[in-house]
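Step one of this worksheet: look at the structure below.
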Amino acid sequence: MPIQQSDVLYTAVATAENGRDGRVSTDDGQLDVVVNPPKAMGGSGAGTNPEQLFAAGYSACFQGALGVVAREAKADISGSTVTAEVGIGKNDDGFGIIVKISVSIPNADAATARDLVAKAHQVCPYSKATRGNITVDLAVA
């Protein structure tokens, strides 16, 4: 169920100038980066790109969700990592993205790790936002 405006606890504000070949900054000054298309897409690759920014946000958010479900399960996720790979390519409507989330939880057995990752995918706001819109593959290392 979508949240309502009255439920919002924090709002991030970012402004882009000149699209994929320009600059993105947040209103609080914490993020101010040059963006350029990657070399694989004909760009200079001199700056970051929207896919890298999405991957960074998704991996951090998923790690947070993993922490929530681990605390509920009383599971040890110390030393865990979450890596998000965001691919972009052409589709019928122009372009689309695909995501692979790889999770390593060294202090959990394989079954526990898979269960935690599945639960984190259910509560992660990025996972909720993308569910049914893009392919998101989960991998547990």
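Just so you know, residue 1 is the first one in the sequence shown, and it goes up from there.
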Val69 and Leu116: CA distance, side-chain angles, deciding distance, side chain to side chain contact (heavy atoms under 4.5 Å, CB included) verdict: CA-CA 6 Å; Val69 299; Leu116 291 171; 4.1 Å; yes
Leu138/Val140 under side chain to side chain contact (heavy atoms under 4.5 Å, CB included): CA gap, chis, key distance, verdict: CA-CA 7 Å; Leu138 302 175; Val140 181; 5.9 Å; no
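Taking hydrophobic clusters as Ile, Leu, Val, Met, Phe, Trp and Tyr residues chained together by side-chain heavy-atom distances below 4.5 Å, Ile134 does not share a cluster with Leu53. At a threshold of 4.5 Å between side-chain heavy atoms, the hydrophobic network of Ile, Leu, Val, Met, Phe, Trp and Tyr places Met41 and Val35 in two separate groups. Hydrophobic clustering keeps Val24 apart from Tyr126 (ILVMFWY residues linked when any side-chain heavy atoms are closer than 4.5 Å, directly or through intermediates).
For residues 34-48, the side-chain hydrogen bond (donor to acceptor under 3.5 Å, both in side chains) pairs, not counting sequence neighbours, are Asp21-Asn36, Thr48-Gln52. For residues 55-68, every residue pair satisfying the side-chain hydrogen bond (donor to acceptor under 3.5 Å, both in side chains) rule, not counting sequence neighbours, is listed here: Tyr58-Ser127, Gln63-Ser80. Listed by first and then second residue, the salt bridge (Lys or Arg N to Asp or Glu O under 4.0 Å) pairs involving residues 49-59 are Arg20-Glu51 (not counting sequence neighbours). Evaluation of the salt bridge (Lys or Arg N to Asp or Glu O under 4.0 Å) test over residues 116-139, restricted to residues two or more places apart or in two chains, returns Asp115-Lys119. Residue pairs meeting the ring pair (Phe, Tyr, Trp, His ring centres under 6.0 Å) criterion with at least one partner in residues 67-115, sequence neighbours excluded, do not occur; the list is empty. Applying the salt bridge (Lys or Arg N to Asp or Glu O under 4.0 Å) test to pairs two or more places apart or on separate chains, none has a residue in residues 70-95. Sorted by first then second residue, the salt bridge (Lys or Arg N to Asp or Glu O under 4.0 Å) pairs that include residues 55-68, not counting sequence neighbours, number zero.
Residues Ile88 and Phe54 fail the side-chain proximity criterion, which asks for heavy atoms closer than 4.5 Å.
Within the model, atoms CZ of Phe62 and OG1 of Thr83 stand 11.5 Å from one another, a figure rounded to the nearest 0.5 Å.
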Could you give the side-chain donor-acceptor pairs of residues 96-105 under 3.5 Å, partners two or more places apart or in another chain?
none

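Between the side chains of Asp109 and Thr112, at least one donor-acceptor pair of N or O atoms lies under 3.5 Å.
Legend: residues meeting salt bridge (charged side-chain N to carboxylate O under 4.0 Å, His left out) with Asp27, ordered by chain and number and at least two apart, are absent. In this structure Arg23 satisfies the salt bridge (charged side-chain N to carboxylate O under 4.0 Å, His left out) test together with Glu17, Asp32, sequence neighbours excluded. Here Thr26 pairs with Asp28 under the side chain to side chain donor-acceptor pair (under 3.5 Å) rule; sequence neighbours left out.
Closest of all the heavy-atom pairs between Ala108 and Ala113 is CB-N, 4.2 Å.
Under the 4.5 angstrom side-chain criterion for Ile, Leu, Val, Met, Phe, Trp and Tyr, the cluster partners of Ile3 are Val8.
Counting only distance, with no hydrogens or angles, the side chain of Asn49 and the backbone of Gly45 share no donor-acceptor pair below 3.5 Å.
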